[in-house]
Amino acid sequence: QARSSSGGGGASRTFEGDDMVSQLANAIIGKESSGNSTAMNGSGSGATGLGQVMPENIGPWTQKYLGKELTQAQFRNDVDAQLTVILGRFKDMLNQSISAGYSDEEAMRRAASEWYSGRPELNNDTRPQTFNGDPYPSIKEYVDDVMSRVGTTNFTTGGGGQNTSSTDAPQVPDVDLSEIDPSGIT
């Protein structure tokens, strides 16, 4: 269940859940933004928000999962829209792999690979990645890191990515789908 709290830096939300979609969302959000809903990629890709959604995907994905197309600025400033899109996209990717006969773990690996590279079948690719000359982890390194984060502990997401957890260890948000209307996610 999502809980809102107010404190310095604006509203933040704590998410909890243990289904596959939530676990994947928790891991990707932790990896991509550490829960900072206003994060922007510094390499010039324009990747935005909690899941670092690429700008070219924001319009089509918000249209699909929200029923209206948001601009990058609108998306960056709407944490609920970000979560709905992220959760809807992960649900679609996982369902596609599971329907194709992949195990739950392999479906999660394929979804992490698709999130990072656009290619689920490359989840074991060890070639170094770059963007605008900046080095990035290989797809396998990214997928392995995401998988190591699956099922880890709660942390608070919101503007500024403030972590209100009581531990200094790296934290990953748990996301509860109960507050996301699944009727809008197909």
Shortest non-hydrogen separation from [X] to [Y] and the atoms involved:
X	Y	result
Pro120	Asn123	O-ND2, 3.1 Å
Ile139	Ser117	CD1-CB, 3.5 Å
Thr84	Tyr65	CG2-O, 3.7 Å
Leu87	Ala25	CD2-CB, 3.6 Å
Lys31	Arg149	N-NH1, 3.4 Å
Ala111	Leu24	CB-CD2, 3.5 Å

Backbone N/O of [Y] and side chain of [X]: donor-acceptor pair under 3.5 Å:
X	Y	result
Glu69	Gln63	no
Thr38	Asn36	no
Asn26	Ser22	yes
Gln52	Leu50	no

[X] versus [Y]: any side-chain heavy-atom pair under 4.5 Å?
X	Y	answer
Glu114	Arg119	no
Lys140	Asp125	no
Met20	Ile98	yes
Val146	Tyr116	no
Arg109	Asp144	yes

Rounded to the nearest 0.5 Å, how far apart are [atom1] of [X] and [atom2] of [Y]?
X	Y	atom1	atom2	answer
Met54	Trp61	CE	CH2	9.5 Å
Asp134	Gln129	CG	CD	13.0 Å
Ser97	Met108	OG	CE	11.5 Å
Asp145	Ser138	CG	OG	10.5 Å
Ile28	Gln23	CD1	CD	12.5 Å
Thr62	Lys68	OG1	NZ	9.0 Å

> Run the side-chain contact (heavy atoms from CB on, under 4.5 Å) check on Ile58 and Arg76 step by step: do they pass?
Replying inline: CA-CA 10 Å; Ile58 292 172; Arg76 182 178 186 213; over 6 Å; no

> Can you check side-chain contact (heavy atoms from CB on, under 4.5 Å) on Asn57 and Val85, steps first, answer last?
Replying inline: CA-CA 10 Å; Asn57 293 327; Val85 166; over 6 Å; no

Please check if the number of heavy atoms outside [X] that lie under 6.0 Å from its [atom1] is greater than 12.
X	atom1	value
Tyr102	OH	no
Gln96	CD	no
Glu105	CD	no

> Does the side-chain contact (heavy atoms from CB on, under 4.5 Å) test come out yes or no for Asp78 and Gln74, once each step is laid out?
Replying inline: CA-CA 6 Å; Asp78 189 338; Gln74 290 169 321; over 6 Å; no

> Are Lys64 and Asp92 close enough for a salt bridge, meaning some N to O gap below 4.0 Å?
Replying inline: yes

>> I want to know whether Trp115 and Tyr142 have ring centres closer than 6.0 Å.
In response: no

> Are Met40 and Val79 in one and the same hydrophobic cluster, where Ile, Leu, Val, Met, Phe, Trp and Tyr link if side-chain heavy atoms are under 4.5 Å apart?
Replying inline: no

>> Under a 3.5 Å threshold, yes or no: a donor from one side chain and an acceptor from the other, between Gln82 and Ser37?
In response: no

